[in-house]
Amino acid sequence: MIRKTRLFTPGPTPLLPAAQFAMAAADIHHRTAEFRNLYRKVLADLKTFVGTRNDVLLLASSGTGAMEASVANLTSPGDRVLVLTAGKFGERWTGLAKAFGCDVEVVSVPYGQTFDLESVRKALKIETRAVLMQATESSTGVRHDVAGVARILKETGNDALLVVDGITGLGTTHLDMDGWGVDVLIGGSQKAVMIPPGLAYLAVSDRAWEAMEISLNPRYYFDLRKERKNAAKGESAYTPAVALIAALGAALDYIAGQAGGDLALGREQLVDNAETCAAMTRAAVQALGLRLFAPDAPAAALTAVLPPEGMDSGLIVKELRSRFAAIVTDGQGEMKGKLFRIAHIGLFDYMDTIAMIGALEQVASALKFPGFQFGQALTAAQKVFAAESGLQRRSSALAAHAESMTPAAASATTR
Ligand SMILES: *Cc1c(COP(=O)(O)O)cnc(C)c1O
């Protein structure tokens with residue numbers, strides 16, 4: 001059979017064909033009215049996508065660039081920051097804050113778990129300048145309680161800034177930046193917005209803008225104050241990633257188009273879509289006798305799954321890749337061989353999810369999972385899909401998803 005390459009990875013995610021065409025057509029100079037119109041529209045739409053009244057800025061970098069910009073702009077050497085970590089991306093916050101000379105306090109829990117709010121409350125000090133966390137930890141498939149952490153900051157009257165890496169959280173989980181009081185919320189292009197890597201975006205609260213004025217860190221390329229001034233004129237401080245910005249515009253149009261032109265509703269539907277794909281996948285792998293790596297607070301962004309007892313997860317990853325060209329990821333770092341991860345971020349629909357689960361059954365059969373029978377996983381996933389209460393609302397979104405996958409588009413995503 002032919003093998004059509006499909007990414008099921010938590011970044012990069014499958015590309016939206018309309019965004020790819022927009023990229024290819026983006027032959028414009030960045031100091032022109034044409035670009036300024038595009039940039040203004042994309043920045044305004046990004047605010048709606050993030051769901052905030054705060055300024056949203058775009059940076060030509062991967063997601064980590066916006067994480068670094070947050071630390072560089074909001075802290076000074078010697079500042080106490082609290083990192084909440086439960087995986088590789090949490091550890092990135094620790095590394096970054098240390099690199100900028102912060103006095104780093106860490107609340108950490110074992111991989112696969114999320115921290116309890118009491119330990120966060122205890123670790124907060126009056127002098128804590130910032131709390132750094134993920135909305136979803138992509139290395140373990142766990143969802144963290146951003147609302148809960150924000151509530152603790154409010155309840156205790158703590159002035160610390162809440163900085164959230166929502167790079168896989170945005171578009172897969174409900175986040176109310178303004179309502180909860182998040183100060184910085186970070187996203188990346190290669191995740192829910194369905195375009196290639198290379199852009200980071202971040203929403204910044206008024207409190208965070210004030211904190212930037214007193215930061216003693218050196219800043220140049222990632223000086224957010226400079227970006228903000230230029231953004232107000234419809235430009236970026238340095239040469240922007242023009243093609244990616246055009247792609248982002250097309251992707252946000254697509255997300256709005258899923259909901260009759262209402263981008264905020266489209267974002268909610270994108271989140272619901274990921275939740276459904278994730279619920280189907282969780283039911284399917286459990287029906288195969290596999291265990292979830294993060295059973296207590298699973299993210300909709302991705303599902304992390306333990307292989308059968310005694311089996312290296314790399315075997316499952318390899319089998320899916322070699323037989324079906326389905327790209328899933330193994331565990332990161334010391335989790336390699338111990339789990340595999342299937343993503344639901346962005347452009348995945350019912351058909352993709354069922355196909356992945358069908359392929360997983362073939363792999364389970366070939367690798368002789370204990371007690372395996374064909375239909376186990378698919379039946380479980382079908383039941384979840386049928387039971388989803390928002391079936392009618394979702395089915396229209398899914399229909400539109402399928403429509404966009406024309407034959408030309410399908411081949412464009414095949415590499
Ligand atoms: C992908 C990702 C990042 C950003 O990684 P980059 O490689 O710098 O784009 C950060 N945090 C999380 C949770 C991610 O999933």
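Please read all numbers here as calculations on a predicted model, not as lab measurements. We number each residue from 1, following the sequence as shown. Both ligands and their constituent atoms are indexed starting at 1 by order of listing.
The cationic group of K226 lies under 6.0 Å from the six-membered ring centre of Y220 and within 45° of the ring axis, placing it in a cation-pi geometry.
Atom numbering of ligand 1 starts at 1 in the shown order; those under 4.0 Å from a heavy atom of T168 are 13 (C), 15 (O). Atom numbering of ligand 1 starts at 1 in the shown order; those under 4.0 Å from a heavy atom of S138 are 12 (C), 13 (C), 14 (C), 15 (O).
In this structure, D262 contributes its side chain and A259 its backbone to no donor-acceptor pair below 3.5 Å.
Protein heavy atom at the shortest distance from atom 6 (P) of ligand 1 is S62 OG, 3.4 Å. Nearest protein heavy-atom contact of atom 2 (C) of ligand 1 is K191 NZ, 2.7 Å. Nearest protein heavy-atom neighbour of atom 11 (N) of ligand 1: D165 OD2, 2.6 Å. Shortest contact from atom 3 (C) of ligand 1 to any protein heavy atom: F89 CE2, 3.5 Å. The protein heavy atom nearest to atom 9 (O) of ligand 1 is Q190 NE2, 2.7 Å. In terms of protein heavy-atom proximity, atom 5 (O) of ligand 1 is nearest to R92 NH1, 3.3 Å.
Electrostatic pairing of D253 and K41 counts as a salt bridge here, judged by a charged N lying under 4.0 Å from a carboxylate O. The pair R207-E210 does not meet the salt-bridge criterion, since no charged nitrogen lies less than 4.0 angstrom from a carboxylate oxygen. Under a 4.0 Å N-O distance rule, the pair E275/R282 does not qualify as a salt bridge.
Only side-chain heavy atoms of I167 come within less than 4.0 Å of ligand 1; its backbone N, CA, C and O stay farther off.
Within a 6.0 Å sphere centred on CZ of R291, other residues, nucleotides and ligands contribute 12 heavy atoms or fewer.
Every heavy atom of E137 sits 4.0 Å or more from the atoms of ligand 1. Residue contact check for ligand 1: T136 places a non-hydrogen atom closer than 4.0 Å to it.
Proximity of the aromatic rings of F293 and Y111 is defined here by a centroid distance below 6.0 angstrom, and this criterion is not met. In this structure, H29 has its ring center no closer than 6.0 Å to that of F35.
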